Amino acid sequence: MTQLIEYEEASAEVRAVYDDIRATRQTDYINNFWKALANHPPTLQRTWQTIKEVMTSPGELDPLVRELIYIAVSVTNGCDYCISSHTAAARAKGMNDAMFGELLAIVGTANMTNRLANGYKIPVDEQFRS
């Protein structure tokens with residue numbers, strides 16, 4: 001298992017990222033994902049900047065929709081950590097059990113039909129091409 005770097009043990013570079021995570025998320029909590037990435041500060045910094053930009057910057061998708069998309073991709077990729085952390089975030093943003101059930105039904109259906117389309121090598125209809 002990867003060593004988790006706590007704030008007290010972290011370098012100044014890592015502490016700066018942790019401080020930004022805390023400020024952006026308005027919490028004192030730093031989760032294990034970031035503590036693990038802190039073993040390589042450039043990856044920690046790069047990953048945090050990307051997540052911060054994609055998940056918190058103003059945009060057309062509201063924060064709950066962003067979390068639902070993150071859950072869907074995480075389920076498809078089989079990332080238990082991301083499923084758990086983003087499900088918690090989605091619940092904090094208003095997702096309920098019924099929404100979660102619908103989301104998983106869509107993910108399962110999309111994965112099934114994607115595999116069928118790929119397996120049959122179905123040509124894309126001309127009117128669907130952009």
Side-chain angles (χ1 to χ4, degrees):
M1 180 155 131
T2 301
Q3 178 185 0
L4 303 178
I5 308 297
E6 299 295 335
Y7 188 89
E8 300 74 30
E9 305 160 354
S11 67
E13 183 181 12
V14 168
R15 284 183 181 193
V17 176
Y18 285 2
D19 289 342
D20 192 35
I21 291 168
R22 288 174 168 167
T24 300
R25 293 185 167 173
Q26 299 177 345
T27 182
D28 287 333
Y29 185 71
I30 300 294
N31 60 341
N32 289 343
F33 181 79
W34 303 114
K35 291 177 185 178
L37 293 186
N39 285 283
H40 189 250
T43 298
L44 172 68
Q45 173 68 27
R46 181 178 54 253
T47 305
W48 169 243
Q49 287 306 314
T50 301
I51 293 284
K52 182 178 172 182
E53 179 181 333
V54 170
M55 296 302 286
T56 67
S57 294
E60 296 301 314
L61 299 176
D62 69 57
L64 177 56
V65 170
R66 293 174 193 210
E67 293 297 345
L68 294 174
I69 293 168
Y70 217 113
I71 294 167
V73 172
S74 299
V75 166
T76 297
N77 288 334
C79 180
D80 289 337
Y81 188 90
C82 294
I83 293 166
S84 297
S85 66
H86 288 277
T87 296
R91 288 193 185 283
K93 291 174 175 67
M95 182 185 76
N96 58 35
D97 289 341
M99 292 170 74
F100 187 67
E102 274 185 53
L103 174 67
L104 293 181
I106 293 166
V107 169
T109 302
N111 276 304
M112 177 191 66
T113 59
N114 287 184
R115 286 183 175 87
L116 289 170
N118 285 340
Y120 280 110
K121 299 182 189 284
I122 301 170
V124 177
D125 301 70
E126 196 57 43
Q127 64 263 36
F128 296 156
R129 296 184 186 273
S130 51

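In this text, all values refer to a predicted model and were calculated from it rather than measured experimentally.
The nearest pair of heavy atoms linking Pro41 to Ala38 is CD-O, 3.6 Å. Across all non-hydrogen atoms, the minimal contact from Tyr18 to Lys35 is OH-CA, 3.2 Å. Taking both residues in full, the closest heavy atoms of Arg66 and Pro58 are given as NH2-C, 3.8 Å, listed atom of the first, atom of the second, then distance. Shortest non-hydrogen contact noted between Ala10 and Arg15 is O-NE, 3.4 Å.
Within the model, atoms CD of Glu102 and CG of Asn96 stand 8.5 Å from one another, a figure rounded to the nearest 0.5 Å. Distance check: Asn32 CG to Ile5 CD1 gives 11.5 Å after rounding to the nearest 0.5 Å. Here the CZ-CG distance, from Arg115 to Asn111, works out to 4.5 Å after rounding to the nearest 0.5 Å. Between Phe33 atom CZ and Trp48 atom CH2 the span is 11.0 Å, to the nearest 0.5 Å. For the atom pair NE2 of His40 and CD of Gln45, the computed distance is 12.0 Å after rounding to the nearest 0.5 Å. Distance CG/Asp20 to CD/Gln49: 6.0 Å, rounded to 0.5 Å.
With hydrogens and angles disregarded, a donor-acceptor distance shorter than 3.5 Å links the side chain of Thr113 to the backbone of Ala110.
With sequence neighbours left out, the salt bridge (charged side-chain N to carboxylate O under 4.0 Å, His left out) criterion links Arg22 to no other residue.
Under the 4.5 angstrom side-chain criterion for Ile, Leu, Val, Met, Phe, Trp and Tyr, the cluster partners of Met95 are Leu64, Leu68, Ile71, Val75, Ile83, Met99, Phe100, Leu103, Leu104, Val107.
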With side-chain contact (heavy atoms from CB on, under 4.5 Å) as the criterion, how do Met55 and Glu67 come out once you've worked through the C-alpha distance, each side chain's angles and the decisive distance to 0.1 Å? CA-CA 8 Å; Met55 296 302 286; Glu67 293 297 345; 3.5 Å; yes

Apply the test side-chain contact (heavy atoms from CB on, under 4.5 Å) to residues Leu61 and Ile69: give CA-CA distance (whole Å), side-chain angles for both, the deciding distance (0.1 Å), then the verdict. CA-CA 10 Å; Leu61 299 176; Ile69 293 168; 3.9 Å; yes

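Screening Val14, Asp19, Ile21 against Val17 for a side chain to side chain contact (heavy atoms under 4.5 Å, CB included) leaves a single residue, Ile21.
In the hydrophobic clustering of this structure, Ile30 does not group with Leu4; members are Ile, Leu, Val, Met, Phe, Trp, Tyr whose side-chain heavy atoms approach within less than 4.5 Å, directly or through other members. Val65 is not connected to Ile51 by any chain of hydrophobic side-chain contacts under 4.5 Å among Ile, Leu, Val, Met, Phe, Trp and Tyr, and they are in different clusters.
In this structure, a donor-acceptor pair under 3.5 Å is absent between the side chains of Tyr7 and Asp28.
Taking the six-membered ring where tryptophan is involved, the planes of Tyr70 and His86 are essentially parallel, since the angle between them stays under 30° and well short of 60°.
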Listed pairs under 3.5 Å, donor-acceptor, residues 120-130 side chains, sequence neighbours left out:
{"from": "Arg129", "atom 1": "NH2", "to": "Val124", "atom 2": "O", "distance (Å)": "3.4"}

